[in-house]
Each structure stands twice: as structure tokens, then as C-alpha cells.
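A quick note: this is a predicted structure, and the numbers were derived from the prediction, not measured. Nothing fancy with the numbering, it's 1 onward along the sequence.
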Amino acid sequence: MASLAKNAAVTAVFEELGEVGILFYRTLKNLFRRPREHRILLQQLEEIGVRSLPVVSLTAAFGGLVFGLQTYIGFHRYIGPGSESYGGPIISLGLSKELIPILVGLMISGRVGSSMAAQIGSMKITEQIDALHSLGANPIRYLVVPRTIAAFFMLPCLTLYGDIIGIACGFFYNTVIMGVNRTIYLQNTLRYLELWDVASGLIKAATFGVVIAIIGCWQGLKTEGGAEGVGRATTRTVVLSSISILILNFFLSKILPATLTR
């Protein structure tokens, strides 16, 4: 019995991966087909980008502050007083390549991914998606494609915005609050931080955006069971998106080169 349950669980996992893969393939196939849903795309750009600015601002600000705090403590304790001004490149590198893309992805999966699942799930249980089929409309092109495009473009923009805020807050904590030499701090940051460090974080963010949109739409399209089913879909969207972001971040960090200069 235990082996049967284990096999059933493994089979269910591969079935769900297959469903996500098929939805992603169908989304790519409909990406450049006409007619394009420009109105829905603009709405999603606003929903994912503009309306996420407050939560991204707070997340990036306190992420930069706490990372600046821990970097200062590390240099002060293990290298010695006076070495704290050399922590700028570490703060900027860690924020732009790892911390900000992950935090932005997790925040957007909770705020936007769950919203996508709830919206499409509500349409599914009220048979609006069946109505689209009966009218000859393609639900993938009408619902999934605009959300995927918007997430693909807006996640890097939010990440770049978060990079600026996070690095500025790390600089503020070290130079203003702790009195670190700002000239040396800035010189080392500009000397060692490469454009590729920021670009690799933006590549990760774009990937996370596609993952969040596809998982949110997938869960919405397979919603069943009324309002309770919508609740389950939103919860699963947040959990699966968050886990996928953390797993993908590791593999992207391994695949993307550490630097483009030798």
C-alpha cells in the first residue's frame, strides 16, 4: 500500500509538470498570433508593475538595511575596525544578483500570482471560460498570454527599482548611521560591481515572472469546487511559485557565468 501511494504521488507530480509544460507551450504558440489583447496587457502591466511599487519599495529598503547591517558586523568583527568601508561591493553584489530578485519574485508571487489564480478561477467556476470557447475565443491568448508578457517585462523593472533602493539603503546604513568612510565605500563599489552582476539578476527576474504567470494561470484554469476551490488554487499558486523561484534561482546561479570579464 505504501509503495502504491508513493507511485501515485510521483505520477501526480509528473502529470502536473506535464500540464504546466503544455500550458507554457500553448502560451508560446499564441504569443505572436492576432488579435492581440492590448487592453488586457496594459491592465496587467499596471497591476503587476505600478501597483506593486509600495510592497517592492518596503521589501527592498529593509532588505538593503539588514544586509548592510550584517555586512558591517561581519567586517567589523572578523577583519577589524576600519575595514567596513570595503563592504560596499559585497552589499551591491549580493543584493543585485541574489537577494532583490528573490524577494521581488516572492512578493509578486504572493500579491499577483494569487490574484491571477483567483481571477481566472472565478471565471472558470462561473463558466465564463466555457463562454469564451463557445464564442470562438482562445482563452490562452485572451487570459494567459497578456499576463505572461506583462510579468516577463515588469519583474525585471521592479527588480532594477529594488536594486537601486536596496543599494541606497545599504549605503545609508553604513555611511550615515555607522559613520563609514563614504568615499572609500563608493570607490570600491564602483570599482568591483559589474554591469553583468545587475543584468544577471534581471535575467533571473524575467524567468521568475514567466514562472509566476504560468503557475497562476494554470491553477486558475484547473480550479474546481466553487469558492473553496478558488481558495485552494490561490494557496497552491503562492506555494508552488515560491518553491519554483527558490529552486530556479539555484540552477540559474549555476548556469549564468559569474562574470563576463576575465
Among Ile, Leu, Val, Met, Phe, Trp and Tyr joined by side-chain contacts under 4.5 Å, find the other residues sharing a cluster with [X] and list them by chain and number.
{"X": "Y78", "result": "none"}
{"X": "V50", "result": "none"}
{"X": "F250", "result": "V239, I243, I247, F251"}
{"X": "L202", "result": "L160, V198"}

Which residues share a salt bridge (Lys or Arg N to Asp or Glu O under 4.0 Å) with R51, sequence neighbours left out: E46, E47
Close side-chain approach of [X] to [Y], heavy-atom, < 4.5 Å:
{"X": "T159", "Y": "V56", "result": "no"}
{"X": "F171", "Y": "T189", "result": "no"}
{"X": "I108", "Y": "S52", "result": "yes"}
{"X": "E84", "Y": "M178", "result": "no"}

Using modelled atom types only, decide if a donor and an acceptor are shared between the side chain of [X] and the backbone of [Y] within a distance under 3.5 Å.
{"X": "S83", "Y": "I79", "result": "no"}
{"X": "N174", "Y": "G170", "result": "yes"}
{"X": "S92", "Y": "G88", "result": "yes"}

What closest approach, in Å, do [X] and [Y] show between heavy atoms, and which atom pair accounts for it?
{"X": "L193", "Y": "S96", "answer": "CD1-OG, 4.2 Å"}
{"X": "M123", "Y": "T126", "answer": "O-OG1, 3.3 Å"}
{"X": "G68", "Y": "I91", "answer": "CA-CD1, 3.7 Å"}
{"X": "V230", "Y": "S122", "answer": "CG2-N, 4.1 Å"}
{"X": "I48", "Y": "M116", "answer": "CD1-CE, 3.7 Å"}
{"X": "A233", "Y": "T223", "answer": "CB-OG1, 3.5 Å"}

Tell me if the [atom1] atom of [X] is crowded by more than 12 foreign heavy atoms within 6.0 Å.
{"X": "E228", "atom1": "CD", "value": "no"}
{"X": "L195", "atom1": "CG", "value": "no"}
{"X": "Y185", "atom1": "OH", "value": "yes"}
{"X": "R26", "atom1": "CZ", "value": "no"}

Going from [atom1] on [X] to [atom2] on [Y], what distance comes out if it is rounded to the nearest 0.5 angstrom?
{"X": "Q187", "Y": "R182", "atom1": "CD", "atom2": "CZ", "result": "13.5 Å"}
{"X": "K97", "Y": "W196", "atom1": "NZ", "atom2": "CH2", "result": "8.0 Å"}
{"X": "I184", "Y": "R191", "atom1": "CD1", "atom2": "CZ", "result": "10.0 Å"}
{"X": "I120", "Y": "C217", "atom1": "CD1", "atom2": "SG", "result": "3.5 Å"}
{"X": "F67", "Y": "I167", "atom1": "CZ", "atom2": "CD1", "result": "10.5 Å"}
{"X": "L31", "Y": "T27", "atom1": "CG", "atom2": "OG1", "result": "8.5 Å"}

Which residues share a side-chain contact (heavy atoms from CB on, under 4.5 Å) with C169, sequence neighbours left out: A61, L65, I165
Tell me, please, which residues at least two apart from F24 pass side-chain contact (heavy atoms from CB on, under 4.5 Å). L28, V210, I214
Using the salt bridge (charged side-chain N to carboxylate O under 4.0 Å, His left out) rule, collect all pairs that involve residues 199-208, keeping only residues at least two apart or in two chains. E98-K204
Suppose the criterion is salt bridge (charged side-chain N to carboxylate O under 4.0 Å, His left out): which pairs have a residue in residues 233-246, not counting sequence neighbours? E16-R236
Connected via hydrophobic side-chain network under 4.5 Å: V104 and L93: no
Applying a strict under-4.5 Å side-chain criterion to I, L, V, M, F, W and Y, I'd like to know whether L158 and V55 cluster together. yes
Hey, could you give me each pair passing side chain to side chain donor-acceptor pair (under 3.5 Å) that has a residue in residues 56-75? Not counting sequence neighbours. S57-Y161
Could you go through T237 and I212, starting from their C-alpha distance and side-chain angles, then the distance that decides it, and tell me whether this counts as side-chain contact (heavy atoms from CB on, under 4.5 Å)? CA-CA 8 Å; T237 296; I212 292 168; 6.0 Å; no
With sequence neighbours excluded, tell me which residues meet ring pair (Phe, Tyr, Trp, His ring centres under 6.0 Å) with Y173. none
Identify all side-chain donor-acceptor contacts of residues 141-154 below 3.5 Å with residues at least two apart in sequence or on another chain.
| from | atom 1 | to | atom 2 | distance (Å) |
| --- | --- | --- | --- | --- |
| R147 | NH1 | L143 | O | 2.9 |
| R147 | NH2 | Q119 | OE1 | 3.0 |
| T148 | OG1 | V144 | O | 2.9 |

